[in-house]
Amino acid sequence: MKPFTALLGAAAGTHAADQMALATLPLTATLVLGAGPDLLGLLVAAQSAAWLLISLPAGTWIDRLPRRRMLIVALTLGLAASLVAVAAAATGYVFLLGLAAIAGASGTVVYVLTSVSLLPSLVAPGDLPRSNARLELARAIVSLAAPFVAGLLAQHLSPTWGYALAALGAALALVCVLALPEGAAPTTAGAERPTLASAIRLGTAFVVRNELLRGISLCAVFWNFAFFALLAVWAPLALGPLGLDPAHMGLAQSTYGAGLILGALVAPATARRLPPFVTLTFGPAVSIVAALMFLAAPSGNGLVLAAGGYFLVGFGPMLWLICQTTVRQLVTPSALMGRVNATVQTAIYGVRPLGALAGGLVAAHAGMHAALLLIAVAFALSTLVIVLSPLARLRVLPAPATA
């Protein structure tokens with residue numbers, strides 16, 4: 001099996017396992033363990049907290065240890081978490097289910113950061129856009145399918161069957177990773193190893209000093225703030241001013257997944273035919289158009305405008321994500337790759353709950369129109385960051401960093 005083929009198979013299995021676990025957790029907690037909204041909120045928070053708490057130390061480990069070994073550890077952790085979740089559901093231990101949720105999400109964090117850091121060593125620099133697009137396409141497809149499959153299993157069999165499928169996905173991913181060539185640790189042999197805190201600071205400092213990485217990070221922070229504010233107000237917007245029923249509400253939101261898939265499909269062609277600055281500007285800029293569609297939805301055709309808005313925030317930002325991931329991989333030395341990716345990831349996941357909180361509070365105290373304006377402004381700021389940074393002048397991809 002070719003190294004990239006193995007990594008692609010591992011990506012499909014890992015994201016399938018992660019999305020099945022994410023969709024199965026609330027169903028298992030509610031239908032099997034009888035958890036109420038407060039306990040369910042704690043379980044979902046525990047599952048998402050791993051992205052914020054594990055990313056920075058994981059980035060340092062990725063830069064110190066062979067990356068194939070890190071992938072094996074990550075997938076073994078995910079497989080074990082799925083099996084523990086089944087045991088928790090069978091025995092009725094909610095605490096054990098929470099531990100499984102944290103462990104599974106932690107494995108996904110380590111896998112995602114490691115695979116992004118490993119990819120530049122598996123493919124030529126010119127193949128990075130296409131390879132990143134194929135990896136993101138696998139994630140988008142399983143993200144769209146997992147909630148539907150989990151719901152079917154819960155309705156016709158048992159919610160815990162979702163964890164069985166998650167375990168199967170993690171096992172298949174582990175088999176693919178074992179086919180990767182053994183690699184050495186990326187750090188220089190014999191070099192003095194800094195402490196964990198010092199190593200994390202080095203990665204953060206590199207992101208802050210590099211103009212391209214700084215622009216990417218700030219754009220991602222503003223965009224994720226806006227997107228999670230949108231997610232926080234979507235249900236009251238759809239069921240209230242838009243007058244949608246739950247089925248049409250879900251239909252409108254599902255176009256987001258369609259946008260992700262189409263963006264991943266066309267990304268290789270746009271990478272060949274368009275300069276990077278066009279894609280990097282288009283992604284956040286089209287999100288402003290989406291925000292305006294949501295603003296217009298209460299006074300127009302709510303279903304069509306909301307569906308179009310969700311499609312745009314899937315399509316354009318997916319193109320942006322693939323392009324910026326390629327830029328990030330090219331400008332970052334291999335020995336810093338894990339920490340740089342972890343720094344960006346932590347900034348993104350740190351701002352997401354703030355966006356959701358801000359969206360909900362503004363909608364509750366100033367009205368839905370004010371909340372949608374906040375979302376539009378945050379999307380506009382994410383675009384402004386790109387326009388004012390060197391990313392707006394990037395006509396060709398950077399040369400790969402060598403030190």
A.B. asks: So, Thr204 versus Arg201: side-chain donor-acceptor pair below 3.5 Å or not?
C.D. replies: no
A.B. asks: Which heavy atom of Leu330 sits nearest to which heavy atom of Pro125, and what is that distance?
C.D. replies: CD2-CB, 4.0 Å
A.B. asks: Start with the C-alpha gap between Ser334 and Arg67, add the side-chain angles, then the distance that decides, and say whether side chain to side chain contact (heavy atoms under 4.5 Å, CB included) holds.
C.D. replies: CA-CA 11 Å; Ser334 178; Arg67 286 168 182 165; 3.4 Å; yes
A.B. asks: Provide the closest heavy-atom pair for Val327 versus Pro398 in the form atom of the first, atom of the second, distance.
C.D. replies: CG1-CG, 4.2 Å
A.B. asks: Under 4.5 Å between any side-chain heavy atoms of Trp61 and Val73, yes or no?
C.D. replies: no
A.B. asks: Only one of Thr326, Thr325, Asp127 forms a side chain to side chain donor-acceptor pair (under 3.5 Å) with Asn132, so which one is it?
C.D. replies: Thr326
A.B. asks: Rounded to the nearest 0.5 Å, what separation is found between the CG atom of Leu295 and the CG atom of Leu373?
C.D. replies: 5.0 Å
A.B. asks: For Thr346, does its backbone N or O pair with a side-chain atom of Ser55 as donor and acceptor, under 3.5 Å?
C.D. replies: no
A.B. asks: Going through the distances and angles, do Thr343 and Val208 end up as a side chain to side chain contact (heavy atoms under 4.5 Å, CB included)?
C.D. replies: CA-CA 10 Å; Thr343 299; Val208 172; over 6 Å; no
A.B. asks: Would you please name every residue forming a side chain to side chain contact (heavy atoms under 4.5 Å, CB included) with Ser158, sequence neighbours left out?
C.D. replies: Thr160, Trp161
A.B. asks: Compile the donor-acceptor pairs under 3.5 Å between side chains in residues 267-277 and protein atoms, sequence neighbours left out, one pair per line.
C.D. replies:
unit_1: Thr270; atom_1: OG1; unit_2: Ala267; atom_2: O; d: 2.8

A.B. asks: State which residues pass ring-ring contact (aromatic ring centres under 6.0 Å, His included) with Trp223; sequence neighbours excluded, sorted by chain then number.
C.D. replies: Phe227, Phe379
A.B. asks: Tell me every residue that passes side chain to side chain contact (heavy atoms under 4.5 Å, CB included) with Ala167, counting only those two or more places apart in sequence or in another chain.
C.D. replies: Leu79, Ser82, Leu83
A.B. asks: Looking at residues at least two apart in the chain, or sitting in another chain, which of them share a side-chain hydrogen bond (donor to acceptor under 3.5 Å, both in side chains) with Thr14?
C.D. replies: none
A.B. asks: Measuring only between side-chain heavy atoms, which start at C-beta, is Ile386 closer than 4.5 Å to Leu218?
C.D. replies: no
A.B. asks: To the nearest 0.5 Å, what is the distance between OH on Tyr256 and CD1 on Ile261?
C.D. replies: 11.5 Å
A.B. asks: For a quick check under 3.5 Å, do Thr195 and Ser198 share a side-chain donor-acceptor pair by atom type?
C.D. replies: yes
A.B. asks: Could you walk me through whether Thr60 and Arg64 pass the side chain to side chain contact (heavy atoms under 4.5 Å, CB included) check?
C.D. replies: CA-CA 6 Å; Thr60 302; Arg64 289 181 173 179; 3.6 Å; yes
A.B. asks: Going by side-chain contact (heavy atoms from CB on, under 4.5 Å), Leu394 matches just one of Thr279, Val278, Leu280, Thr281. Which one?
C.D. replies: Leu280
A.B. asks: What residue pairs, at least two apart or across chains, pass salt bridge (Lys or Arg N to Asp or Glu O under 4.0 Å) with a residue in residues 128-153?
C.D. replies: Glu136-Arg139
A.B. asks: Can you find a heavy atom in the side chain of Ile62 that is under 4.5 Å from one in the side chain of Arg339?
C.D. replies: no
A.B. asks: Nearest 0.5 Å, please: how far is CG in Leu354 from CG in Asn224?
C.D. replies: 11.5 Å
A.B. asks: Taking the side chain as every heavy atom from C-beta outward, state whether Leu381 and Pro284 have any pair of such atoms under 4.5 Å apart.
C.D. replies: no
A.B. asks: List for me each residue that meets side-chain hydrogen bond (donor to acceptor under 3.5 Å, both in side chains) alongside Asp18, sequence neighbours excluded, and say none if there are none.
C.D. replies: Thr108
A.B. asks: According to side-chain hydrogen bond (donor to acceptor under 3.5 Å, both in side chains), who are the partners of Ser115, at least two apart in sequence or on a separate chain?
C.D. replies: none
A.B. asks: Look up atom CG in Leu71 and atom OG1 in Thr114, then write down how far apart they are to the nearest 0.5 Å.
C.D. replies: 5.0 Å
A.B. asks: Listing request: all salt bridge (Lys or Arg N to Asp or Glu O under 4.0 Å) pairs with a residue in residues 204-232, at least two apart in sequence or in separate chains.
C.D. replies: none
A.B. asks: Who passes side-chain hydrogen bond (donor to acceptor under 3.5 Å, both in side chains) against Gln324, sequence neighbours left out?
C.D. replies: Arg328
A.B. asks: Mind checking what makes side chain to side chain contact (heavy atoms under 4.5 Å, CB included) contact with Ala364, not counting sequence neighbours?
C.D. replies: none
A.B. asks: For the residue pair Thr332 and Pro120, establish whether any side-chain heavy-atom pair is separated by less than 4.5 Å.
C.D. replies: no
A.B. asks: Suppose we screen for ring-ring contact (aromatic ring centres under 6.0 Å, His included). Which residues come up paired with Tyr310, at least two apart in sequence or across chains?
C.D. replies: Trp234, Phe294
A.B. asks: Under the side chain to side chain contact (heavy atoms under 4.5 Å, CB included) rule, what do Phe315 and Val286 come out as? Steps first, then yes or no, please.
C.D. replies: CA-CA 9 Å; Phe315 176 70; Val286 79; 5.9 Å; no
